[in-house]
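Worth knowing before you read on, the calculation uses all heavy atoms, side chains too, and leaves out hydrogens, waters and symmetry mates. Please read all numbers here as calculations on a predicted model, not as lab measurements.
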Amino acid sequence: MAWIYLVIAGFFEVGWAIGLKYTEGFTRIVPSTLTIVSMIVSVLLLGLALRELPVGTGYAVWTGIGTVGTAVLGIYLFGEPATAARLACIALIVSGIAGLKFLS
């Protein structure tokens, strides 16, 4: 169950990271509220996951999911560059997350 909490926490991390772009410096009420709720849910779920998982593994996977998800959505939603080097680096992060999952 801890891994499920962790993956969902990672998705909420992506939500609040992308949400920050839409808050326009926390001047827009609906995006700001959704972003803050996503932050809270993400951290709460991370805390639940860390009851069973090592903190180093849990935190690394949580930030990795957030990093990869935010980078991919940045490419898709905001037209950020999708260079071969950038995609290769994203692939390295994904393989690191998978390695941590299978080795813990």
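By the rule that hydrophobic residues join a cluster once side-chain heavy atoms approach within less than 4.5 Å of another member, Ile18 and Val7 end up as members of separate clusters. By the criterion of side-chain heavy atoms lying less than 4.5 angstrom apart, applied directly or through intervening Ile, Leu, Val, Met, Phe, Trp or Tyr residues, Ile4 is not grouped with Phe102; the two fall into different hydrophobic clusters. Note on Val41: it clusters hydrophobically with Tyr5, by side-chain heavy-atom contacts below 4.5 Å among ILVMFWY residues. Both Phe11 and Val68 are part of a single hydrophobic cluster, where members link through side-chain heavy atoms under 4.5 Å apart.
Applying side-chain contact (heavy atoms from CB on, under 4.5 Å) to Ile36 and the options Ile40, Leu34, Thr33 leaves one that passes, Ile40.
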Next on the checklist: Please evaluate residues Leu45 and Leu6 with respect to the criterion side-chain contact (heavy atoms from CB on, under 4.5 Å), reporting the C-alpha separation (whole Å), side-chain torsions for both, the decisive distance (0.1 Å), and the verdict.
Outcome noted: CA-CA 6 Å; Leu45 289 172; Leu6 187 60; over 6 Å; no

Item to check | Candidate pair Leu53 and Trp3, rule side-chain contact (heavy atoms from CB on, under 4.5 Å), full reasoning | outcome: CA-CA 8 Å; Leu53 298 174; Trp3 282 102; 3.4 Å; yes

Next on the checklist: Run the side-chain contact (heavy atoms from CB on, under 4.5 Å) test on Leu20 and Met39 for me, step by step, so that the C-alpha distance in whole Å, both residues' side-chain angles and the decisive distance to 0.1 Å come before the verdict.
Outcome noted: CA-CA 10 Å; Leu20 286 172; Met39 289 175 175; 4.0 Å; yes

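Taking every heavy atom of both residues into account, Gly58 and Leu50 meet most closely at CA-CD2, 3.8 Å. The two residues Ile75 and Ala82 come nearest to each other via the heavy atoms CG2-CB, 3.8 Å. Shortest non-hydrogen contact noted between Ala2 and Ala49 is O-CB, 3.4 Å. Summarising the geometry of Val14 relative to Ile65, their closest heavy-atom pair is CG2-O, 3.6 Å, with the distance given to 0.1 Å.
Remark: the backbone N or O of Glu24 is paired with a side-chain donor or acceptor of Thr27 at under 3.5 angstrom. Without hydrogens or angle criteria, Ser42 side chain to Ala9 main chain gives a donor-acceptor distance under 3.5 Å.
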Please list every donor-acceptor pair under 3.5 Å in which a side-chain atom of residues 86-98 meets a protein atom from a residue at least two apart or in another chain.
unit_1, atom_1, unit_2, atom_2, d
Arg86, NH1, Pro81, O, 2.9
Arg86, NH2, Glu80, OE1, 3.1
Ser95, OG, Ala91, O, 3.0
Ser95, OG, Leu92, O, 2.9

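Screening residues 14-71 for ring-ring contact (aromatic ring centres under 6.0 Å, His included), with sequence neighbours left out, gives Tyr22-Phe78, Tyr59-Trp62.
How far CZ of Arg28 is from OG1 of Thr35: 10.0 Å, rounded to the nearest 0.5 Å. Separating the CD atom in Glu13 from the OG1 atom in Thr63 is a distance of 6.5 Å, to the nearest 0.5 Å.
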